[in-house]
Structures are given as C-alpha cells and as structure tokens.
Amino acid sequence: MQAMESFEAGQKNGEIATALRISERSVERWRRAWRERGAAGLLSRGSPGRPRLSAAQIARLERELERGPLVHGWADQRWTLTRIKTLIGRLFHVTYTVEGAWRLLKRHGWSWQQPTRRAIERDDGAVEVWKKETWPRVRGSRRRAVPGSSSRTRLGSRCLRRVPGPGVGSVRLRSCGCEAGALGEYRWRG
C-alpha cells in the first residue's frame, strides 16, 4: 500500500520506482489500476499458477493412477509424466505441461521412483556364485604400477642415472634406456 500513499501524495513514477526498487512500467500499471478501481485495483489477485483441478478431481486422479497404466491402455506398468499428463487431459479435459504434471503430483505427495531393472529369469544364487568363483578367474591380476612410456614402440626404462642439472651442483635423474629397465629392475648408474 506504499504505492497508493505515494500516488495520493502526488509523487512521480520514477521516484516511486526508485523508492520501491521496481520498474517504472510496474508503477505505471499500478497507477492506472489505482485510477480505474481505487485501492481494490492494487490488491493482489493471487498466484497465476493456481490449481486447475479441484480436490475431488485430485482424489479421482489418485485412484486412477493406483489402478495402473494397463487399465488406461498402455502396454506396460510404468507411469511416466507424459502418460500422466495425457491421463489428466482425458479425464478432466485440462491441459498440463510435463513439468506442471510433476509439480501437481509432488504437491500431493507423489514421488519419483525408478524401477529396478532385473530380468524375470534372474537367479540371484547363481549370480552370487559367479561373482565369487568365476569373476576372479576371468578378471585376472592387475599389473603393478611402474614408470613407463606412453609410446607403444619404445617402452620406458627403469634404469636411472644421475645427470647434471641446470643449476650449479644440481643433479637430476634420467632414464638411460638400457635393457635392465625392460626386466623391471631399478638400478643406479653412475
């Protein structure tokens, strides 16, 4: 109601917009509504996204969802948001977006659930036996982490030697490329 008091005081739209931290266009719209309908024109009309289904319709929708998709002509037992949106349209002749259908369901306590994908023929006992007995043989042992080369044609050497570094008295290690490195040994060359 600060805007109405400012209108009555004769303030300009720019001053009101700055004081209320809104756009001048909003102030113009409010001033026009105030001129045409008085204080009633400035009252909020509520959220534009008000529910389009009544409580009785929501209850019916929940009953229909519990009956399952097969009853409503779909081939499997999965409710998707697109199917629920279509069902709402068929039952109540009201259109919802997929996101709107999700918000409606969430507002009424429904939650998203992902089915576990398992074959009907699955034998859990056989799976456990396979994991314990067969998988370790198939997987094989892991190689030890060793320094190497990213080149396929020239393997990295594990034989290291000291070479002069860039500074006075500094030393760095460099691979010498000998065959000992291919055997997996670490040794120092002087």
> Can you tell me how far CD1 of Ile58 sits from CZ of Arg63, rounded to the nearest 0.5 angstrom?
Replying inline: 11.5 Å
> Can you find a pair of side-chain heavy atoms, one from Leu87 and one from Arg83, that are under 4.5 Å apart?
Replying inline: no
> Is the number of heavy atoms from other residues, nucleotides or ligands under 6.0 Å of Arg122 CZ greater than 12?
Replying inline: yes
> Atom CG of Leu105 and atom CH2 of Trp79: how far apart are they, to the nearest 0.5 Å?
Replying inline: 10.0 Å
> Does Ile88 reach the side chain of Leu104, with side-chain heavy atoms less than 4.5 Å apart?
Replying inline: yes
> With side chains defined as the heavy atoms from C-beta onward, is the minimum distance between Ile22 and Trp30 less than 4.5 Å?
Replying inline: yes
>> Quick one, Arg31 and Ile16 - any side-chain contact, counting heavy atoms below 4.5 Å?
In response: yes
> Side-chain contact, heavy-atom cut-off 4.5 Å: Tyr96 with Ile84?
Replying inline: no
> Is any side-chain heavy atom of Glu128 less than 4.5 Å from a side-chain heavy atom of Lys131?
Replying inline: yes
>> To check you understand the geometry: which heavy-atom pair defines the closest contact between Thr97 and Lys85, and what is its length?
In response: C-CD, 3.8 Å
> Closest approach of His72 and Arg67, non-hydrogen atoms and distance?
Replying inline: CE1-NH1, 4.5 Å
>> Looking at Arg78 and Pro69, would you say the former's side chain and the latter's main chain have a donor-acceptor pair under 3.5 Å?
In response: no
>> According to a hydrophobic-cluster definition based on side-chain heavy atoms being under 4.5 Å apart (Ile, Leu, Val, Met, Phe, Trp, Tyr only), do Val27 and Leu43 belong together?
In response: yes
> Within a strict 4.5 Å, meaning less than it, do heavy atoms of the Trp110 and Glu62 side chains meet?
Replying inline: yes
> Phe7 vs Trp34 aromatic rings, parallel, tilted or perpendicular, using cut-offs 30° and 60°?
Replying inline: tilted
> Can you tell me how far CZ of Arg37 sits from CZ of Arg32, rounded to the nearest 0.5 angstrom?
Replying inline: 10.5 Å
>> Which heavy atom of Ala33 sits nearest to which heavy atom of Gly41, and what is that distance?
In response: CB-O, 3.6 Å
> Around atom CD of Glu8, are there more than 12 heavy atoms of other residues, nucleotides or ligands at under 6.0 Å?
Replying inline: yes
>> Using side-chain heavy atoms (C-beta onward) and a distance below 4.5 Å, is Glu99 in contact with Leu81?
In response: no
> Crowded around Arg90 CZ? As in, over 12 foreign heavy atoms under 6.0 Å?
Replying inline: yes
